Colleague: 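One structure, as structure tokens, below. Some questions next.
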Amino acid sequence: MHSSVLTTVLLPIALAVIMLGLGLSLTFADFARVIGAPRAVGTALACQLVLMPALCLALLALTGADPDTAVGMLLLAASPGGTLAAVYSHLARGDIALNITLTAVNSLISVVTLPLVMWGVTRHYVGHAHNIGLQPQGVVTLIATVVLPVALGMALRRLRPGLAQTLGQAVRIVSLIVLVVVVVGAILQNAEQLGRSLGSVLPLTAAFSVLNLVIGYWVPRLARVERLQAVASSMEIGIHNGALAVTIALSPALLNMPAAAVTPAIYSLVAFITAAVAASLLARRSRTLPVMEPASST
């Protein structure tokens with residue numbers, strides 16, 4: 001996989017603009033409501049940190065995946081949710097504040113869990129363990145592309161509600177256009193590498209993507225989490241931070257396994273499609289349901 005101005009400059013800018021738009025739609029009351037629903041947060045994190053990596057292992061054993069593919073898949077499964085989860089949750093009429101909370105909390109937890117998971121994975125599949133430490137650049141990127149834009153948007157919403165409403169629609173349109181340009185450019189630039197791996201990796205990533213979305217919705221629902229939060233959980237678990245997984249796999253200072261970067265890259269492309277379909281179906285169902293939801297039990 002190749003890096004370029006598209007992926008190293010424009011994509012972070014696009015994500016920051018998207019998160020600014022989301023911040024413009026949020027209030028502090030949204031987060032207070034999420035903090036008051038620990039069952040939703042706990043169930044989603046349990047799925048993301050325990051259940052889905054375990055299912056990923058089972059899927060790899062069932063398909064007999066090669067070591068590079070297995071390492072890439074488990075690296076992806078251990079990565080936190082991607083920032084785009086909140087965008088898809090917005091389209092699916094989910095609880096955006098829950099998405100942002102889950103992304104932030106899981107990103108902090110992954111500082112510990114991701115190195116441990118990858119140590120065990122590489123020891124098992126490659127024969128020797130790789131140690132992955134916390135990279136300061138990753139923390140800075142998370143703050144710059146997620147925390148600060150959301151905080152700025154929320155501040156504008158609180159201090160200048162009229163301006164926030166005007167900017168909200170424009171920011172949403174511009175950010176989606178830039179994001180489409182970045183994704184299409186990245187696909188074209190890496191078409192040859194992606195094409196060679198599609199036959200073996202595409203079915204595996206598609207199956208895992210669908211499992212993430214389905215389980216991410218129904219496990220919380222079975223745990224009596226209210227529907228809007230289950231929608232957010234589905235999008236959060238379905239859209240992993242593929243960019244983080246690819247970066248770790250490519251970096252000579254970390255895994256230095258370029259072949260392992262192919263799987264999370266393909267998953268990210270597949271997830272754009274599967275999550276879009278899931279968001280459309282969930283949004284359509286939302287319009288057919290009564291407005292009132294039963295309160296979740298905490």
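Bear in mind that the values here come from a model prediction, so they are computed numbers and not experimental data.
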Colleague: Which is it for Met154 and Leu24 under the side chain to side chain contact (heavy atoms under 4.5 Å, CB included) test, yes or no, and what are the steps along the way?
Modeller: CA-CA 5 Å; Met154 292 181 66; Leu24 291 169; over 6 Å; no
Colleague: Any donor and acceptor pair, going by atom type alone, linking the side chain of Ser234 with main-chain N or O of Gly216 inside 3.5 Å?
Modeller: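 Not confirmed, Ser234 side chain does not pair with Gly216 backbone.
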Colleague: Do you know the tightest heavy-atom contact between Ala232 and Leu98?
Modeller: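 Looking at all heavy atoms of both residues, the shortest contact is CB-CD2, 3.9 Å.
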Colleague: Without swapping roles, check the side chain of Thr274 against the backbone of Val270 for a donor-acceptor pair under 3.5 Å.
Modeller: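 Side chain of Thr274 to backbone of Val270: a pair is present.
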Colleague: Identify the residue among Asn99, Ile239, Val231 that makes a side-chain contact (heavy atoms from CB on, under 4.5 Å) with Tyr88.
Modeller: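 Single pass found, and it is Ile239.
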Colleague: Tell me if a side-chain donor or acceptor on Thr205 pairs with a main-chain N or O of Leu202 at a distance below 3.5 Å.
Modeller: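 Side chain of Thr205 to backbone of Leu202, a donor-acceptor pair under 3.5 Å: yes, one is there.
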Colleague: Quick one: closest heavy-atom pair of Val71 and Ala260, and the distance?
Modeller: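 Answer, listing the atom of Val71 first, then Ala260: CG1-CB, 4.2 Å.
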Colleague: Any idea how Tyr267 and His240 line up, ring-wise: parallel (<30°), tilted (30 to 60°), or perpendicular (>60°)?
Modeller: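 Geometry flag for His240 against Tyr267: perpendicular rings.
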Colleague: How long is the gap from OG1 on Thr103 to CD on Gln48, to the nearest 0.5 Å?
Modeller: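 Thr103 OG1 to Gln48 CD: 7.5 Å, rounded to 0.5 Å.
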Colleague: Could you give the distance from CG (Asn212) to OG (Ser233), rounded to the nearest 0.5 Å?
Modeller: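 Those atoms lie 10.0 Å apart.
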Colleague: Please evaluate residues Asp68 and Thr263 with respect to the criterion side chain to side chain contact (heavy atoms under 4.5 Å, CB included), reporting the C-alpha separation (whole Å), side-chain torsions for both, the decisive distance (0.1 Å), and the verdict.
Modeller: CA-CA 8 Å; Asp68 288 326; Thr263 305; over 6 Å; no
Colleague: Between atom CD1 of Ile96 and atom OG of Ser89, what is the distance when rounded to the nearest 0.5 Å?
Modeller: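 So the gap between those two atoms works out to 6.0 Å.
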Colleague: Report the distance from atom CD1 of Ile266 to atom CG of Leu204, rounding to the nearest 0.5 Å.
Modeller: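 Taking CD1 in Ile266 and CG in Leu204, the distance rounds to 10.0 Å.
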Colleague: Would a single hydrophobic cluster contain both Val50 and Val41, if residues Ile, Leu, Val, Met, Phe, Trp and Tyr are joined by side-chain heavy-atom contacts under 4.5 Å?
Modeller: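 Yes; tracing contacts between hydrophobic side chains, which count when under 4.5 Å, links both residues.
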Colleague: What's the spacing between Leu62 CG and Leu55 CG if we round to 0.5 Å?
Modeller: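 Answer rounded to 0.5 Å: 11.5 Å.
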Colleague: In Å, rounded to the nearest 0.5 Å, how long is the span from CG of Leu84 to NE2 of His90?
Modeller: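 NE2 of His90 is found 13.5 Å from CG of Leu84.
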Colleague: Which heavy atom of Pro220 sits nearest a heavy atom of Thr43, and at what distance?
Modeller: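 Smallest interatomic distance, heavy atoms only, reads CA-CG2, 3.7 Å.
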Colleague: Ile237 vs Ile215, test: side chain to side chain contact (heavy atoms under 4.5 Å, CB included). Steps then yes/no.
Modeller: CA-CA 9 Å; Ile237 294 169; Ile215 290 176; over 6 Å; no
Colleague: For Pro264, is there any backbone N or O sitting under 3.5 Å from a side-chain donor or acceptor partner on Ser268?
Modeller: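 Present.
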Colleague: Looking at every non-hydrogen atom in both residues, tell me the closest pair between Ala86 and Ile100 and how far apart they are.
Modeller: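 Smallest heavy-atom distance, with atoms named: CB-CG1, 4.4 Å.
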Colleague: Which atoms form the tightest heavy-atom contact between Ala44 and Leu102, and what is the distance?
Modeller: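 Between these two residues, the closest heavy atoms are CB-CD1, 3.7 Å.
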Colleague: Output, in order, the C-alpha distance, side-chain angles, deciding distance and verdict of side chain to side chain contact (heavy atoms under 4.5 Å, CB included) for Arg227 and Leu282.
Modeller: CA-CA 10 Å; Arg227 189 177 182 279; Leu282 289 168; 3.7 Å; yes
Colleague: Shortest non-hydrogen contact from Ala164 to Arg157?
Modeller: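 Heavy atoms only, the tightest pair is CB-CA, 3.7 Å.
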Colleague: Using the rule that Ile, Leu, Val, Met, Phe, Trp and Tyr join whenever any side-chain heavy atoms are under 4.5 Å apart, tell me whether Val87 and Ile273 fall into a single cluster.
Modeller: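 Not linked; separate clusters.
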